[in-house]
Amino acid sequence: MCKEVRDDKKIEIERFSLTTSKAINEVIAGVNAAVGHPDMAEFGRSTHEARSFNVLKSAVEKGLSKAGLMLFMQLDQGAVLQKETGQDTPRTCFKLGPISRLW
């Protein structure tokens with residue numbers, strides 16, 4: 001028989017929107033410059049193989065930018081909308097994570 005173990009924690013999440021007159025390529029370049037871009041295959045291996053919290057923490061920190069952010073995923077919503085509507089609508093969505101704040 002397995003017992004369910006719950007460790008409930010309250011986590012604050014902040015979401016924001018940004019409107020700018022800059023070209024989308026300029027905005028994307030700025031975001032890309034401010035986040036870490038680890039080799040995700042190596043990141044997966046090193047975090048999976050970590051045998052202690054300190055080793056795991058070190059593996060994660062290697063992928064962070066100076067701002068403590070890491071790019072997990074970048075989606076081109078414009079490509080999806082273009083397929084659906086036939087219109088060229090550039091939109092990009094970034095999935096970022098402030099990993100260092102978990103420590």
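Keep in mind it's a predicted model, so treat the numbers as computed, not measured. We're numbering straight along the sequence, starting at 1.
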- Task: First locate atom NZ of Lys57, then atom OG1 of Thr47, and finally report the distance between them rounded to the nearest 0.5 Å.
- Result: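 With rounding to 0.5 Å, NZ (Lys57) is 16.0 Å from OG1 (Thr47).
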- Query: What's the spacing between Leu69 CG and His37 NE2 if we round to 0.5 Å?
  - Reply: 10.0 Å
- Message: Within the 4.5 Å heavy-atom criterion, are Met70 and Pro38 side-chain neighbours or not?
- Response: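 Yes, at least one pair of side-chain atoms sits under 4.5 Å.
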- Query: Which pair of heavy atoms, one from Ala34 and one from Ala67, lies closest together, and at what distance?
  - Reply: O-CB, 4.2 Å
- Message: Restricting to non-hydrogen atoms, name the atom on Leu71 and the atom on Met40 that form the minimum distance, rounded to 0.1 Å.
- Response: O-SD, 4.4 Å
